[in-house]
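What follows is a short report on a single structure.
Nothing here was measured: the structure is a model prediction, and the numbers come from that model.
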There are 2 protein chains.
Amino acid sequence: MAATIRDVARLAGVSASTVSRALSLPGMVNAATRARVAAAVEQLGYEPNRAARGLITGRTGTIGLVVPDLANPFFASVTKGVQARARRHDVAVFVADTDEDPAAEAGLVRALSKQVDGVILCSPRASSDELAAIAQDTTVVLVNRAAEGIPGVTYDNEGGMRQAVAHLVALGHHRIAWVGGPATSWSTQHRGLGLRNAVEELRATLAPVGNFAPTYEGGMAAADQVIATGATAVVAYNDLVAIGLLARLHARGLAVPGDLSVVGVDDIAMSSMARPALTTVRLPKQEAGRIAVELLLTMLDDPESAATSAGTHGGLHGELHGELIVRDSTGPAPHTEKGALA
Amino acid sequence: MAATIRDVARLAGVSASTVSRALSLPGMVNAATRARVAAAVEQLGYEPNRAARGLITGRTGTIGLVVPDLANPFFASVTKGVQARARRHDVAVFVADTDEDPAAEAGLVRALSKQVDGVILCSPRASSDELAAIAQDTTVVLVNRAAEGIPGVTYDNEGGMRQAVAHLVALGHHRIAWVGGPATSWSTQHRGLGLRNAVEELRATLAPVGNFAPTYEGGMAAADQVIATGATAVVAYNDLVAIGLLARLHARGLAVPGDLSVVGVDDIAMSSMARPALTTVRLPKQEAGRIAVELLLTMLDDPESAATSAGTHGGLHGELHGELIVRDSTGPAPHTEKGALA
DNA sequence: GTTGAGTTTGCAATCGGTTGCAGGTTATGT
DNA sequence: ACATAACCTGCAACCGATTGCAAACTCAAC
């Protein structure tokens, strides 16, 4: 069995309390005894039992991460970031995948919350009210969504969309289609908003074609409606949707970017492998995970100050910026005024 | 604060021990008291503290999962499977990503092992000796690798490769190139072996082009060497490599499958989105994760019998079979005898 | 040689559960 | 009515740490 604090104490000829202090409050113990304890720790390969410590300190040294779908590269990246940063802080991460089921979300968080110090909710599907309820009795950080009174890290969707539109307008596009994700999604709403602002400002027009699943299939489903709008460019909710569009457009015999330019959002690995390689707004995914961890740990270490510190909605908040990555799926607008089907 | 067992005891008018038994050994307590306890539990929303329980039972109810790279869709899927199955058993999962660093692996496992009941090692990079050392003081299950005396779940690489070769031979291919992954990888070795056996049996010839990184870039790097072999078909270590091949072959002006047929392994989501859609040997990834969990929990519940039970290498073992998924990247061999560059 | 302050250390309680053992109750058999 | 067994339940110890409190010790100053 693993060595306990008492084993160390016996070997060092001191009491368990002294060992405990030698490790956590070195200033409180004599240098000589501290050395003896250190030697005993070394010899026994002692490592404090976290569960036992957690019992008395009330801190488990563990955080939870809830994502809708690990198989989605976007969430896999966020998870990677969370996990890496947590390790630096010597904190372990419980990962739970809701399988895109909003109903499962709340229950999962509740179950998790008993075992962890706090929870990172990635792109929560839950309603604002549900979120507020959850945040009531658990320390929560949101990723990819803002909610009154709950800290979180979000992307500057407006800015990202503006970059995309500016790029397209510079290429001569005037009519831009928009394939939204799930209607209830916070990102969809904000990307749509950013798009509307940007086209107005840059004297273009927007042709929204509705809401689709944030998947390859969603993109395939949207493609024909995009064509029907007569737009010469399309912005997709995310890269998976954009790649689905690419596939269906190809099947319909449209050239990208010859007939239609396509822009995605996220910059997942797949995007640079697509044919043509996808122009997209790159979001720093791992960075979002890292910041979420920092936010959460800050709240845990210092709940009062964290709650009152500056930031959107009067709480801690991080905002990340997207970066337009221009690849081969965008090009000059075709000469015909009326649309892609010249 | 959360309710404790004593709160429940007080409310139900019994002792803490009775509450404990009512919950874990219902048969030992009177039906009437059991009902009172249940009511109190319900009313207080009581949930036993896992850390406290673990302290005395020695079981944490947590398992660890170590993967080389969460951003790789293959490992993301395995993780998803592990996580889902663990939840069913009411077991939490610590996820750790080594970032493809073999050196970090052992240390990570060691750190993890203090906090969990057992560890699932996915595609370990460590040497057999290191694995043996780790398995010495931790309950370990391997995924994607077999090692003497350590339980694990592997794929029938030989069978999968045989299916791929049979498919290609039926299409008229005689000379088949093979792009291996990392030389030290267990999968590379076994896939190469399966390939050699299959070509021999089916009267074709194999042209190995060496070892490459198991990535898109690896595939790009291998492509020109593949062309130089004069083979009319190529089997890639995995789908990422195959998609890299596709990209470079396209750039070189070769048609797939017109000039060269391409087969991958894994069947990640990206494969059906590739152009042309990739023919591949589908490996049940989530299933591997699920089985790994079952194996691990079996070992934990019953260490002696598990160790001696039947299976390869005298331990528990699961073997999964691949399934050939034919898409658009394979077709009849070109008529010219000598190669793809006709 | 005392006193007092400052430094080190140990005792014992505590966190929230589980479990061996003993005591109390009730049912069963005669 | 009494012995015996079967069944429930509570007491108390324990898991492995942390921490308030008090005792012990050191040292300097008076």
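- Among the protein residues, A:R21 comes within range of the nucleic acid bases, having at least one heavy atom under 4.0 Å from a base atom.
- Ion pairing of A:D99 with B:K80 is present here, as a side-chain N (NZ or NE/NH1/NH2) and a carboxylate O approach within less than 4.0 Å.
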Verify side-chain contact (heavy atoms from CB on, under 4.5 Å) between A:L283 and A:L320, making sure each step is shown before the conclusion. CA-CA 8 Å; A:L283 301 183; A:L320 295 170; over 6 Å; no
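- As judged by a 4.0 angstrom heavy-atom cut-off over every strand, B:T33 is placed among residues touching the sugar-phosphate backbone only.
- Residue B:T60 forms a side-chain contact (heavy atoms from CB on, under 4.5 Å) with just one option from B:T57, B:T62, B:I63, and that option is B:T62.
- Scanning DNA chain D 5' to 3' for nucleotides with an atom closer than 4.0 angstrom to a non-hydrogen atom of chain A gives a first and last hit of D:dG16 to D:dG20.
- Here A:R59 pairs with A:D301 in a salt bridge; the nearest charged N to carboxylate O distance falls below 4.0 Å.
- Protein chain A contacts DNA chain C over a range whose 5' and 3' limits, counting nucleotides with an atom under 4.0 angstrom from a non-hydrogen atom, are C:dT8 to C:dG16.
- Here the closest non-hydrogen pair linking B:G118 and B:L296 is C-CD2, 3.8 Å.
- For the 3.5 Å distance criterion, the side chains of A:S17 and A:S20 fail to qualify, holding no donor opposite an acceptor.
- Minimum heavy-atom separation, A:R34 to A:P26: NE-O, 3.4 Å.
- Within residues 2-20 of chain B, the residues having any heavy atom closer than 4.0 Å to DNA chain C are, in order of number, B:A3, B:T4, B:I5, B:R6, B:S17, B:S20.
- Relative ring orientation between B:Y155 and B:F74 is described as perpendicular, the plane-to-plane angle rising above 60° on a 0-90° scale split at 30° and 60°.
- Atom OH of B:Y46 sits about 9.5 Å away from atom CG of B:D7, to the nearest 0.5 Å.
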Take A:T298 and A:D302 through the side-chain contact (heavy atoms from CB on, under 4.5 Å) test and state the conclusion after the steps. CA-CA 6 Å; A:T298 303; A:D302 189 355; 5.6 Å; no
